[in-house]
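A quick note: this is a predicted structure, and the numbers were derived from the prediction, not measured. The figures that follow rest on heavy atoms only: side chains count, while hydrogens, waters and symmetry mates do not. Residue numbering restarts at 1 for every chain, and letters A, B, ... go by the order of the sequence lines.
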Amino acid sequence: DCHARFRRMQGYNVLHPIGFDAFGLPAENAAISRGIHPHTWTMSNIQNMRRQLGSMGAIYDWGREIICCVPEYYRWNQWLFLQLYRAGLAYRAKAPVVWCPSCQTVLANEQVVDGSCERCHTAITRRDLEQWFFRITKYADQLLDFTGLLDWPEKILTMQQNWIGRSEGAEIGFDISHHRLDVKEIRTFTTRIDTIFGVTFMVLAPEHPLVPRLTSKAQHEAVADYVAQARRTSEIERQSTDKEKTGVFLGSYAVNRLNGEQVPIFIGDYVLMSYGTGAVMGVPAHDARDLDFARKYDLPIRQVIAPATWDGPDASGLAEAYLGDGFMTASGRYDGMTNQEGKQAIAEDIEKRGWGSRTVSYRLRDWLISRQRYWGTPIPMVYCQACGIVPVPEAGLPVLLPPDAEFKPTGESPLAAHPAFVHTACPQCGAPARRETDTMDTFVDSSWYMFRYTSPHYHEGPFDPALMQKWMPVDQYTGGAEHAVMHLLYSRFFTKALRDLGLVEFGEPFLRLYNQGIILGEDHEKMSKSRGNVVNPDVVVGQLGADATRCFMMFIGPWDQGGPWSDVGINGVARWLNRVWGVMEHDPAHLDAGAANSQVVRDTQRLLHQTIRKCYQDLERFKFNTAIAALMELTNHLSRVWAEADVDSATWRECTRSFLLILAPLAPHIAEELWERAGHPYSIHQQLFPKWDEELAAEDTITLVVQVNGKVRDRIQVPAGISSGQAQELALASPKVQSYTQGKAVRQAVYVPGRLVNVVVG
RNA sequence: GCCGAAGUGGCGGAAUGGUAGACGCGCCGGUCUCAAAAACCGGUGGGGGCAACCCCGUAUCGGUUCGACUCCGAUCUUCGGCACCA
């Protein structure tokens with residue numbers, strides 16, 4: 001709010017909207033535990049938050065308010081889903097969900113505590129369901145291109161880059177034709193095709209489709225047990241590099257086509273079905289995880305890349321996996337090449353022989369949007385016996401979420417238990433058909449809502465193209481860093497997809513991004529009801545007012561870091577605002593009685609112009625805490641100057657006028673009131689931010705710090721424009737400095753203009 | 001575990017590689033008051049010294065530099081994210 005008000009005072013036409021991302025799990029949970037319908041609960045919360053935001057003096061344009069859980073909004077979720085479906089960007093596939101066998105329901109990760117259901121403490125398992133995905137991976141390379149972003153925190157870009165996780169490598173097939181299956185090979189992705197001669201085993205993900213078919217009779221039971229165990233383990237656990245690598249031999253072999261060797265096939269939970277092909281070639285000599293695995297199961301370790309000084313394998317074996325570059329060895333006709341040359345040569349050869357190809361793999365996975373929940377946007381699809389999957393025609397939108405569904409857990413998607421919702425006619429052939437009963441991930445709602453703000457009541461589409469042209473993309477977005485790799489990536493993907501559909505004309509939704517922090521409770525923990533550390537804005541605003549509340553939140557610390565609330569700390573800000581009131585209410589006519597001190601007038605003007613400059617720069621960069629500190633210093637100065645009656649009334653009027661204008665975005669109510677009482681025309685919030693004069697802000701004299709060998713030994717007042725030679729001369733002339741340089745050779749003197757001289761003696 | 005951050009007085013924090021601790025809270029002292037509160041004024045990193053002033057000090061250890069809270073390496077701790085919280 002402060003930033004929006006500041007931008008308006010810079011002369012911008014500011015669209016500062018508000019909305020409620022109102023679908024999702026919390027509403028459903030609260031509704032279940034309180035027996036209130038999610039809609040009722042959500043709307044009453046919204047009503048309360050509107051009131052509280054209003055009480056803080058927020059200038060949101062309420063005429064543009066968006067609420068995601070109303071049909072006027074979510075019908076466009078459905079419409080956009082259909083556009084993505086037609087563009088081939090939405091598809092169905094099997095994917096596991098977390099399942100509580102006791103509650104007979106799907107669980108969110110958040111509802112899993114130590115591998116058990118948070119409600120009934122039963123150990124969880126996983127089930128495969130047909131679900132809807134958005135093909136975000138198609139945009140992986142475009143999402144790695146950050147050139148359209150003007151100003152985003154570097155750390156967010158780094159996190160997105162690592163999350164997308166592009167790696168170049170090769171896919172190669174290991175021959176299993178001797179098993180006489182319809183599948184002739186196991187495809188595996190590797191970034192180290194140069195180590196292919198070091199392969200001594202293969203590991204498949206436990207979920208790999210070939211696992212049951214490659215398991216020997218003797219190993220059947222052990223494999224089944226291991227797969228069941230893996231189904232209970234979370235991916236975070238499975239990826240832990242600390243965890244002991246485990247696996248089970250399938251009792252079968254695959255052939256490394258490059259050397260004709262047979263290698264044993266294992267399953268292991270450190271291999272994930274969601275990355276690469278779900279199968280890895282085990283090269284223990286050159287991969288740390290593979291080495292752990294080989295040691296545990298006593299598999300051969302064969303070094304195939306070696307540093308130039310290497311003189312053959314050590315009898316005691318490899319201490320750790322060799323990850324560096326080197327020369328190819330034990331690699332047939334590739335021996336003697338550098339491994340980089342080997343990489344190219346092998347890749348070319350396997351491409352020629354049809355065994356594999358160079359490829360790029362991403363860590364990024366497609367976006368699973370299906371939720372087996374009630375409180376979300378119904379996915380607008382119909383399943384017909386004859387026609388298959390049929391999209392709901394646009395004229396049939398919105399597919400309304402029935403108000404009377406059973407949203408408590410029953411064992412299937414809540415909407416599946418609502419016959420009137422499920423049973424419909426096929427839009428194509430008119431025969432009886434079933435509706436899709438899953439709802440959408442709420443990240444879908446938040447992936448495009450900013451566009452809706454341009455035209456929140458538009459009926460012809462999700463947004464009015466003319467108004468999009470006028471306002472979008474968003475110039476300044478603020479949001480928490482916790483959104484780094486999901487919401488912020490999903491909305492970037494949506495924007496690019498909508499651009500390719502011809503719906504928007506730009507490829508990035510947010511030009512500038514600022515991460516705000518979180519105001520914590522007095523105990524330095526996140527505010528939560530269970531911790532009992534929640535600060536109620538109604539109470540604080542009621543006691544000390546909206547301006548003190550706003551200013552204190554901004555004064556706690558750097559806005560991007562957040563910080564702890566303090567019930568006593570806010571008194572300091574409240575006191576300051578009271579002093580501001582007192583100082584601004586002084587009658588300047590009183591000053592004309594005495595004689596102004598010209599030096600104090602000059603100092604006052606300088607401080608005023610420095611303060612305008614500092615606050616302007618700070619407010620542009622969300623540095624509210626230091627802007628307020630600067631205003632406090634000016635308040636202290638004006639207070640002193642008034643007591644001594646050292647300035648003339650014209651200077652005083654200039655100071656108070658500019659002060660109030662700077663205060664306006666921070667403490668809008670007090671600023672407006674004082675503005676009016678000073679006789680200025682309504683409203684202070686329609687004024688421009690004051691301008692500063694660099695000449696008036698410039699210092700006449702500076703404190704020259706004099707160091708000897710980097711330690712401060714003296715401070716000298718000198719004219720601001722002093723030359724390097726003069727500064728060094730003055731520094732060396734200082735008696736304090738001389739007591740340190742006495743009898744020693746001055747080897748060097750470093751002058752930092754306007755700051756210090758460092759005399760180096762030795 | 002992996003990815004990304006952060007660590008400065010009693011507390012919140014300030015400091016383009018150049019005066020560490022701005023501003024505020026708290027505390028101590030004073031003015032006013034019968035007294036208290038409020039308000040106002042002054043002091044306040046630690047240690048030493050009558051004082052001038054000196055030494056130490058930005059999580060820990062090491063490095064780069066004339067000079068490091070700031071840059072580099074390692075370690076510890078805390079926080080955000082890890083794909084169904086949003």
*asked:* Students often mix this up, so state it plainly: with edges at 30° and 60°, are the rings of A/Tyr449 and A/Tyr477 parallel, tilted or perpendicular?
replied: tilted
_Over 60° means perpendicular and under 30° means parallel, so tell me whether A/Phe81 and A/Trp132 are parallel, tilted or perpendicular._
perpendicular
Would you mind classifying the nucleic acid contact of [X] as base, sugar-phosphate or nothing, using non-hydrogen atoms under 4.0 angstrom?
| X | answer |
| --- | --- |
| A/Asn636 | sugar-phosphate |
| A/Met632 | sugar-phosphate |
| A/Trp576 | nothing |
| A/Ile556 | sugar-phosphate |
| A/Val573 | nothing |
| A/Val712 | sugar-phosphate |
| A/Leu25 | sugar-phosphate |
| A/Val97 | base |
| A/Val568 | sugar-phosphate |
| A/Arg640 | nothing |
| A/Phe493 | nothing |
| A/Glu235 | nothing |
| A/Arg747 | nothing |
| A/Arg575 | sugar-phosphate |

For atom [atom1], what is the distance between [N] and [M], given to the nearest Å?
| N | M | atom1 | value |
| --- | --- | --- | --- |
| B/rG73 | B/rU64 | C1' | 11 Å |
| B/rA86 | B/rC76 | P | 35 Å |
| B/rU60 | B/rG9 | P | 10 Å |
| B/rC69 | B/rU75 | P | 23 Å |
| B/rG18 | B/rU70 | C1' | 11 Å |
| B/rA59 | B/rA6 | C1' | 11 Å |
| B/rG46 | B/rA22 | P | 13 Å |
| B/rG45 | B/rA39 | C1' | 29 Å |

*asked:* side-chain contact (heavy atoms from CB on, under 4.5 Å) for A/Trp375 and A/Thr442? Distances and angles first, verdict last.
replied: CA-CA 9 Å; A/Trp375 196 232; A/Thr442 51; over 6 Å; no
_With a strict under 4.0 Å distance from non-hydrogen atoms of chain A, what nucleotide opens and what nucleotide closes the contacted stretch of RNA chain B, reading 5' to 3'?_
B/rG1 to B/rA86
*Please list residues of residues 623-630 of chain A whose heavy atoms come under 4.0 Å from any atom in RNA chain B, ordered by number; otherwise none.*
A/Lys623, A/Asn625, A/Thr626, A/Ala629
_Closest heavy-atom pair and its distance - A/Ala497, A/Leu84_ = CB-CD2, 3.8 Å
*asked:* For a quick check under 3.5 Å, do A/Arg579 and A/Thr635 share a side-chain donor-acceptor pair by atom type?
replied: no
_Pair listing, side chain to side chain donor-acceptor pair (under 3.5 Å) test, anchored in residues 744-762 of chain A, at least two apart_ = none
_Checking one value: the base orientation of B/rG12, syn if chi is within 90 degrees of 0, otherwise anti._
anti
*List for me each residue that meets ring pair (Phe, Tyr, Trp, His ring centres under 6.0 Å) alongside A/Phe146, sequence neighbours excluded, and say none if there are none.*
none
*Partners of A/Tyr514 by ring pair (Phe, Tyr, Trp, His ring centres under 6.0 Å), sequence neighbours excluded?*
A/Phe622
*Dot-bracket for RNA chain B, please, read 5' to 3', with Watson-Crick or G-U wobble pairs under 3.5 Å on both distances, ( ) within the strand, [ ] crossing, | other strand, . unpaired.*
(((((((..(((.....[....)))((((((.......))))))((((....))))..(((((..]....))))))))))))....
*Can we call the ring centroids of A/Phe494 and A/Tyr490 under 6.0 Å apart?*
no
*asked:* Just checking A/Trp448 against A/Tyr73, ring centres under 6.0 Å apart?
replied: yes
*Checking side-chain contact (heavy atoms from CB on, under 4.5 Å) for the pair A/Leu607/A/Asp603: CA distance, chi angles, key distance, verdict?*
CA-CA 6 Å; A/Leu607 182 63; A/Asp603 290 345; over 6 Å; no
*asked:* Which is more 5' along RNA chain B, the nucleotide nearest A/Gly557 or the one nearest A/Glu525? Just name the residue.
replied: A/Gly557
*asked:* Closest-nucleotide mapping onto RNA chain B: is A/Thr158 or A/Val705 further toward the 5' terminus? I mean the 5' end.
replied: A/Thr158
*asked:* A quick test of your reading: do over 12 heavy atoms of other residues, nucleotides or ligands sit less than 6.0 Å from CD of A/Glu729?
replied: no
*asked:* If you count every heavy atom of other residues, nucleotides or ligands that lies below 6.0 Å from A/Arg92 atom CZ, does the total exceed 12?
replied: yes
*Report yes or no: is the cationic atom of A/Arg289 (NZ for Lys, CZ for Arg) closer than 6.0 Å to the six-membered ring centre of A/Tyr270, at no more than 45° off its axis?*
no
